[in-house]
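Let me begin by presenting the structure, written as structure tokens, before commenting on it.
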2 protein chains.
Amino acid sequence: MTRHTTDTLTIRQMCDAFGVTPRTLRFYEAKELLSPLRQGTRRLFSHKDRARLTLILRGKRFGFSLEEIRQLLGMYDPAGSNGAQLEKTHEIALERLALMEAQRADLDIAITELKGQLVEIQGRIARFRAAAE
Amino acid sequence: MTRHTTDTLTIRQMCDAFGVTPRTLRFYEAKELLSPLRQGTRRLFSHKDRARLTLILRGKRFGFSLEEIRQLLGMYDPAGSNGAQLEKTHEIALERLALMEAQRADLDIAITELKGQLVEIQGRIARFRAAAE
DNA sequence: CGTCATATTTACGTTAACGTCAACTTTGCT
DNA sequence: AGCAAAGTTGACGTTAACGTAAATATGACG
């Protein structure tokens, strides 16, 4: 039985929970997107790490690069202490927000068009079947 | 003055209109996402090509791969003649639609969260300024 | 204490989506 | 006719985001 008194996860448990590979988690750590604790040499993923990974994977689904995601993550922890840093983070957040709202508008258009095409295709299928008597 | 009686565009005009490079357009052609006409050896991009490129670039913004986009494009032209082909296209369209609606839901969540963070950060900035007397 | 499962580092391999450069060919103008 | 601009086809280079394999270490357990 694997031992874990706390609410931290081993790399394998983390992988199973999120459907990613160990390589991916180590890669994200190398890119400073995650910073799991160490128990000796092994990684332990806390609740915070899980929250961050959720954000990372969501960002990826929107087509953001890991570097863009890393900047976004910056604003989810209480780090940015000094004024200039806060301003910078605020600026990035505003840009991202605008981008995401534009993306949402785009997505609505694409969904509408796709639905239209679906009807079209269904019509073609119906006509095809009718033609086959 | 560049000559063009018809409503087709040269590769340069196409690039300027969409903000892409010639390499990109040739690459998309090689991947069968576009099929511009030829006047001798040179490419001529029709209205149809422009419509397709719009769809391609939109798909990219959603994080779709070119291969996924190619399949999506399949349903925007009247090609898919036989029954099995139509069924296949229909199936792909349904999958993509589900995916895009899920993505939209995700995007709404992300936008809401990001707005919350913005308020948070603005609060921190305000408190920071206040602390500076 | 030995062994097996799990993990770690190091390092080279891979795929997608172009960038970049070289060596032509083709047009448009003068 | 002749030259510069624009276009074409290879072919090799590059970056992001991991995959994969090898060698090593560590922890649990009979």
Could you run through nucleotides 8-16 of chain C and give me one letter per nucleotide, 5' to 3': B if any protein heavy atom sits under 4.0 Å from the base, S if only the sugar-phosphate is that close, - if neither?
BB-B-----
Atom-pair distance (CZ on B:R12; P on C:dT27), nearest Å:
19 Å
For D:dA17, take OP1 and OP2 only and decide whether either is under 4.0 Å from a side-chain N or O of A:Y28.
no
Taking only side-chain nitrogens and oxygens of A:T24, does any of them come within less than 4.0 Å of OP1 or OP2 of D:dG19?
yes
Strictly by salt bridge (charged side-chain N to carboxylate O under 4.0 Å, His left out), give each pair with a member in residues 30-39 of chain A just once, sequence neighbours left out.
A:E29-A:R38
Expressed in angstrom and rounded to an integer, what is the separation of A:D16 atom CG from C:dA5 atom C1'?
14 Å
After noting the C-alpha distance and the side-chain angles of B:D7 and B:S46, does the key distance pass the side chain to side chain contact (heavy atoms under 4.5 Å, CB included) rule?
CA-CA 7 Å; B:D7 64 341; B:S46 67; 5.8 Å; no
Taking CD from B:E67 and P from C:dA17, how many angstroms apart are they, rounded to a whole number?
9 Å
Euclidean distance, atom CD of residue A:E29 to atom P of D:dC18 [Å, nearest integer]:
15 Å
Using a 6.0 Å distance limit plus a 45 degree cone around the ring axis, check whether B:R96 lies over the aromatic ring of B:F64.
yes
Expressed in angstrom and rounded to an integer, what is the separation of A:L25 atom CG from C:dT6 atom P?
16 Å
Rounded to whole angstrom units, what separation is found between the CD atom of A:Q13 and the P atom of C:dT6?
11 Å
Which whole-number value in Å describes the distance from B:L57 CG to C:dA17 P?
13 Å
Tell me the salt bridge (charged side-chain N to carboxylate O under 4.0 Å, His left out) pairs involving residues 53-63 of chain A, sequence neighbours left out?
A:R58-B:E113, A:R61-B:D106
Less than 4.0 angstrom from a charged side-chain N to a carboxylate O is my criterion; do B:E87 and A:R129 meet it?
yes
Distance, rounded to the nearest Å, where A:L9 contributes CG and C:dT6 contributes C1'
15 Å
Counting only side-chain heavy atoms from C-beta out, which of D:dA17, C:dA7, D:dG19 sits nearest to A:T21?
D:dG19
At less than 4.0 Å, is any side-chain N or O atom of A:T10 found next to OP1 or OP2 of C:dT6? Yes or no.
no
Is the number of heavy atoms from other residues, nucleotides or ligands under 6.0 Å of A:Q39 CD greater than 12?
no
NZ/NE/NH1/NH2 to OD/OE distance under 4.0 Å, A:E101 and B:K115
yes
